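Here the structure is a predicted model, which means the values were calculated and not measured.
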There are 4 protein chains.
Amino acid sequence: MRLRVDPTSPEPIFEQLVFRVKEAIAQGSLVGGDRLPSVRELARDASINPNTVARAYEALEAEGVIVRRQGSGCFVTEKGSSLATNERKRRLDALVQRLVTEGFHLGFGARELRDALAERLSATPLPPRRDS
Amino acid sequence: MRLRVDPTSPEPIFEQLVFRVKEAIAQGSLVGGDRLPSVRELARDASINPNTVARAYEALEAEGVIVRRQGSGCFVTEKGSSLATNERKRRLDALVQRLVTEGFHLGFGARELRDALAERLSATPLPPRRDS
Amino acid sequence: MRLRVDPTSPEPIFEQLVFRVKEAIAQGSLVGGDRLPSVRELARDASINPNTVARAYEALEAEGVIVRRQGSGCFVTEKGSSLATNERKRRLDALVQRLVTEGFHLGFGARELRDALAERLSATPLPPRRDS
Amino acid sequence: MRLRVDPTSPEPIFEQLVFRVKEAIAQGSLVGGDRLPSVRELARDASINPNTVARAYEALEAEGVIVRRQGSGCFVTEKGSSLATNERKRRLDALVQRLVTEGFHLGFGARELRDALAERLSATPLPPRRDS
DNA sequence: GTGGTCTAGACCACA
DNA sequence: GTGGTCTAGACCACG
């Protein structure tokens, strides 16, 4: 488990960490029950402040992605989103709209967008979902 | 041309404006050569600070989406992205990865992601592209 | 708007602040759209570190109770919980079970618990709910 | 007597144990004089650290819920709360306020809160009280 | 002015 | 050892 961040990016370091962890889960390289590196360990490895790591872990817990247990460490959750269905749909639509709009301005058409998504999904299939 | 922003959103207002304009273009409701509302006009209509509008227009110009002509206003450009092909591809992949990762954590699977994209693309097809 | 905390309490200061704000909303003394004191202002008034206030506000935003807007301040949200129905029910049951168990060990019986709740609800009725 | 804890909960394990015991008493499944499982036994059954169990028992004894007798084990006490009446009332009010405030933010109204409490109390009535 | 991020370092709580 | 809280202070981003 190796998490890298780019301190020169405009994206906050803690958000980069959050996304890296979610990515690892969505790729199946982290699964429910797995333990994340400890705050101090990750801080040392990535040369960032422990508070910054703690903040990322805190955000991940708030999203329900991990749980933090005093004395033991941080663990990937098994359960799915606890949001209401319409809220989930709303957020998905926003993500799709983001992809379509930015993709268009990058010069990609409908077919290329669909292909890029299909390619990503077949290259690294989403892990099976264990409903809570 | 009516641009709305949500002041309660965590997304900065100027970024919302930037995205709204890009969205309008990706939906064909704004096309190359169209004139955007003036800074003061838009600021009044949307009840936001003129500085905020100016900043959004600045960002749009930096991206090459609009041009600002002294005294006559801001106009949508006709040209496509000026980025190199590999950079464009890299950004597209990041967008797709964002959709897949966040979508997965919202509880959506591969099929649902593809469907959501296909639905969006057929509901409001992308306008034809005039390559630069 | 005066928020007080007890630095000697075992309950973390930021959690005390979170609860005070939620209390004020549940009592109708803060309503949707109201602005909270600024981070620095509250920190000065309550003699605590601005980071601690910021953390409380961050938690409140994560819960969807307030929104934070750079440059403008923090505002009470109008919308209700975005959690799924079964999650909401589960949390309510846990709260009720907490009241019943702890109340019993304090020496209160069923009637006294019901009366205490009824009294609280009639003393300061819950504000009307504006569904999102 | 089977006590379960959820290691993934943010609530400390020893506090969960404390609450489980108090819950069992408030449901009548443990009554005055009953013996609790030994520290080692419970630690094995629940797969937790004996120190954690010991700490929970310590907290229960401090609250006057159980007594620990050298060599014979821990026993549920028969006596009620030893707190002064106004302190008991103050704590009850805090519990009620907690329920009302959090319940409101979960989207529940006065009627639903009263109903949830009434339902809980009729589903598993509180055991008769033997005042100290 | 507002909030947001990051660092540094102290001290506490849990297992 | 683990995570959790709090302080202090620097610097950036938004309106």
Side-chain angles (χ1 to χ4, degrees), chain A residues 5 7 9-17 35-43 46-61 66-75, chain B residues 5 7 9-17 43 46-56 59, chain C residues 5 7 9-17 35-43 46-61 66-75, chain D residues 5 7 9-17 43 46-56 59:
Chain A
V5 295
S9 161
E11 190 185 12
I13 296 174
F14 86 94
E15 282 184 15
Q16 294 181 47
L17 280 177
R35 187 171 165 225
L36 294 179
S38 82
V39 167
R40 293 159 172 84
E41 188 184 341
L42 206 169
S47 307
I48 53 185
N49 190 290
N51 285 332
T52 305
V53 177
R55 187 167 180 196
Y57 281 5
E58 189 183 0
L60 283 164
E61 185 173 55
I66 68 171
V67 290
R68 296 179 293 175
R69 285 153 61 186
Q70 277 204 184
S72 342
C74 296
F75 301 83
Chain B
V5 295
S9 163
E11 191 184 12
I13 292 173
F14 89 93
E15 281 186 15
Q16 292 184 47
L17 278 178
S47 310
I48 55 185
N49 192 308
N51 292 332
T52 306
V53 178
R55 182 162 182 192
Chain C
V5 295
S9 162
E11 190 185 13
I13 296 174
F14 86 94
E15 282 185 16
Q16 293 181 45
L17 280 177
R35 191 175 162 220
L36 294 180
S38 84
V39 168
R40 294 158 172 84
E41 187 184 342
L42 205 169
S47 307
I48 54 185
N49 190 290
N51 284 332
T52 305
V53 177
R55 187 164 180 199
Y57 281 5
E58 190 183 358
L60 283 165
E61 186 173 55
I66 67 171
V67 290
R68 296 178 293 174
R69 285 151 62 185
Q70 277 203 186
S72 341
C74 296
F75 301 83
Chain D
V5 296
S9 162
E11 190 184 12
I13 293 174
F14 88 92
E15 280 185 16
Q16 292 183 47
L17 279 178
S47 310
I48 54 186
N49 193 307
N51 292 332
T52 306
V53 178
R55 183 162 182 192

Side chain to side chain contact (heavy atoms under 4.5 Å, CB included) assessment of C/Leu17 paired with C/Ile48:
CA-CA 11 Å; C/Leu17 280 177; C/Ile48 54 185; 3.9 Å; yes
A/Phe75 CZ - F/dT2 P separation (whole Å):
11 Å
Measure CG/A/Asn49 against C1'/E/dA10 and give the value in whole Å, please.
13 Å
How do A/Ser47 and C/Ser38 order along DNA chain E: which one's closest nucleotide is nearer the 5' end?
C/Ser38
Nearest-angstrom distance from the residue atom CG of D/Leu17 to P of E/dC14:
13 Å
Using the side-chain heavy atoms of A/Gln70, tell me which of these nucleotides is nearest: F/dC14, E/dA13, F/dC6.
E/dA13
Whole-Å distance separating the CG atom of C/Leu42 from the P atom of F/dC6
14 Å
Where each residue is assigned the nucleotide of DNA chain E containing its nearest heavy atom, which of A/Arg40 and C/Gly71 is assigned the position nearer the 5′ end?
C/Gly71
Need one value for B/Ile48: base, sugar-phosphate or nothing, where a base atom within 4.0 Å counts as base even if backbone is also close, heavy atoms only.
nothing
Would you kindly give the CG-to-P distance between C/Asn51 and E/dT5, to the nearest whole Å?
12 Å
Phosphate OP1/OP2 of F/dT2: any A/Arg68 side-chain N/O under 4.0 Å
no
Could you check how far CD1 of B/Ile13 sits from C1' of F/dA13, rounded to whole Å?
13 Å
Length of the CD1-C1' vector between A/Ile66 and F/dT2, whole Å
13 Å
Distance in angstrom units between C/Arg69 CZ and E/dG4 C1', rounded
16 Å
B/Glu15 or C/Arg55, whichever maps to the more 5' nucleotide of DNA chain F
C/Arg55
